[in-house]
Amino acid sequence: MKYNISILMVLISLLMACSGKKDKKELVKKSEAKIEHYKIELGKVSPKSVFKNDTMSIWGGSLVKGEDNLYHMYYAKWPKNIGWEWVNYSIISHAVSESPFGPFTHKDDALPDRGSEFWDGSTTHNPTIHKVNGKYYLYYMGNTGDKKIVSVPGKAKIHWGHRNKQRIGVAVADSPDGPWKRFDKPVLDITENDSLAHDALMTSNPSVCQMADGKILMVYKAVGLKYPLPQGGPVVHMVAIADTPTGPFKKYPDPVFTVEGERFPAEDPYIWYQDGKYRAIVKRIKFEGKKRMFSLVHYDSDDGINWNEAKYYELSDRTVTWEDGTTTKFDHLERPQVFIENGEPLALLCAADSIDVNNVRQSFNIQIPLKITKLNE
């Protein structure tokens, strides 16, 4: 009997020792699994990192590195002399540089007008470029219409016919120099025959990244029919996922980046996946009294579908610091597009503008160095 008791005590000791080792391993795993927070800061900007044109309004640059070791930027442009007519006169063009920070030189027009009979025949705008499995995918907003000019420089108006025909497209090429294959239908259309759908009126401003499992995640701007036309609304952001870059995309039902009680709280997200999380830089729109205020903010997500304000939420109040230490607070700093090289975010491309003495908006693209501090907390 004593012999059996001794054996039992040894076995219990061994089990307790194993249990202790397991507990230590679990503690180590939990310690290693601490949430990694990103603190995103903007660096100082060189004068060569401003891409502008004397006769064209410039907007919304997106960047990819080609196999030629050049940096290829796709951006929207339209003539200055017709006013703020992006919704009906924008086309997507292509510029190159030896550095992601410029200077960039215009090369060609990637997605020009191709005729009002096409869904994207009159306007291409707000590009975002991605290389997936050796091919280049240029996502964008397109629309069609009569191209009637409704504004003059200094007095902006919206052509609602073009605005409400906005849809999301994708063009495909084997090289960043093209040629670009465009499609007869949008890659993400509105939800038809459902007046209650969040995207019953228009889809626009795609943001895209490849997910951890290889699928394609898209977050897009959507406008519904709850409020009267021509403006409609509310303006929200939705999620869609596809097995391939050209779709078809499955839409998810719930808006993201929402703020309770606000009809248009956010715009222009840029999403990417890094270090086990989906991350987004988003233009925040809020009111102080009757004045609309814009800033850049930071969200993150575990699955790309459900998004939360990041711990370090506020990113920029539209102020840019130049290399000489001076600062400029722009009227807008938006369409954020993150350029990632060797797995790390390197630059933030933004559309920026200011109002001149004649009340005319002067717009251009700017490439801003990014500093990201990773904090385990």
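Residue numbers count from 1 along this sequence. Computation of the quantities below employed the complete heavy-atom set of this structure, encompassing side-chain atoms and omitting hydrogens, waters and symmetry-equivalent molecules.
For His159 and Asn88, the side-chain atoms include no donor-acceptor pair closer than 3.5 Å. Lys80 and Gln362 form a side-chain donor-acceptor contact under 3.5 Å, judged by distance and modelled atom types alone. Gln337 and Thr128 share a donor-acceptor pair across their side chains, judged by distance under 3.5 Å alone. Counted by atom type alone, Asn143 and Asp120 present zero donor-acceptor pairs between their side chains at under 3.5 Å. Using modelled atom types, one finds no donor on one side chain facing an acceptor on the other under 3.5 Å when comparing Asn306 with Ser301. If you check the side chains of Ser354 and Asp331, you find no donor sitting under 3.5 Å from an acceptor.
One finds no salt bridge joining Asp356 and Arg361 here, because no Lys/Arg side-chain nitrogen approaches an Asp/Glu carboxylate oxygen to under 4.0 Å. For Arg284 and Glu262, the salt-bridge test passes: some basic side-chain N is under 4.0 Å from an acidic carboxylate O. Between Asp174 and Lys135 there is a salt bridge, since at least one side-chain N of the basic residue sits less than 4.0 Å from a carboxylate O of the acidic one. A salt bridge links Lys107 with Asp177; the closest basic N to acidic carboxylate O contact falls under 4.0 Å. In summary, Glu344 and Lys374 engage in a salt bridge, as defined by a charged side-chain N under 4.0 Å from a carboxylate O. Ion pairing of Glu323 with Lys44 is absent here, as no side-chain N (NZ or NE/NH1/NH2) approaches a carboxylate O to less than 4.0 Å. Ion pairing of Lys251 with Asp199 is present here, as a side-chain N (NZ or NE/NH1/NH2) and a carboxylate O approach within less than 4.0 Å.
A ring-centre distance under 6.0 Å is found for Trp307 and Phe257. Annotation: Trp180 is in aromatic contact with Tyr74 [ring centroid separation under 6.0 Å].
Met218 contributes atom CE, which lies 6.0 Å from atom OH of Tyr139 (distance to the nearest 0.5 angstrom). The line from NE2 of His332 to CD of Glu267 is 9.0 Å long, rounded to the nearest 0.5 Å. Rounded to the nearest 0.5 angstrom, Lys65 NZ and Lys131 NZ are separated by 10.5 Å. If you take CD on Glu36 and CG on Asp300, they are separated by 11.0 Å, rounding to the nearest 0.5 Å. To the nearest 0.5 Å, atoms CH2 (Trp78) and OG (Ser93) are separated by 11.5 Å.
A ring-ring contact (aromatic ring centres under 6.0 Å, His included) with Phe51 is found for exactly one of Tyr71, Phe364, Tyr75, namely Tyr75.
Looking at heavy atoms from C-beta onward, Arg279 lies out of side-chain contact with Val338 at the 4.5 angstrom threshold. For the pair Lys77 and Trp59, the minimum side-chain heavy-atom distance is 4.5 Å or more. Looking only at side-chain heavy atoms (C-beta outward), Leu42 and Leu348 come within less than 4.5 Å of each other. At least one side-chain heavy atom of Glu85 sits less than 4.5 Å from a side-chain heavy atom of Ser151.
Met73 and Leu370 are assigned to two separate hydrophobic clusters, defined by single-linkage of ILVMFWY side chains at heavy-atom distances under 4.5 Å.
By the 6.0 Å and 45° rule, Arg263 stacks over the aromatic ring of Tyr227.
A distance-only check finds no donor-acceptor pair linking the side chain of Asn358 to the backbone of Val360 [under 3.5 Å].
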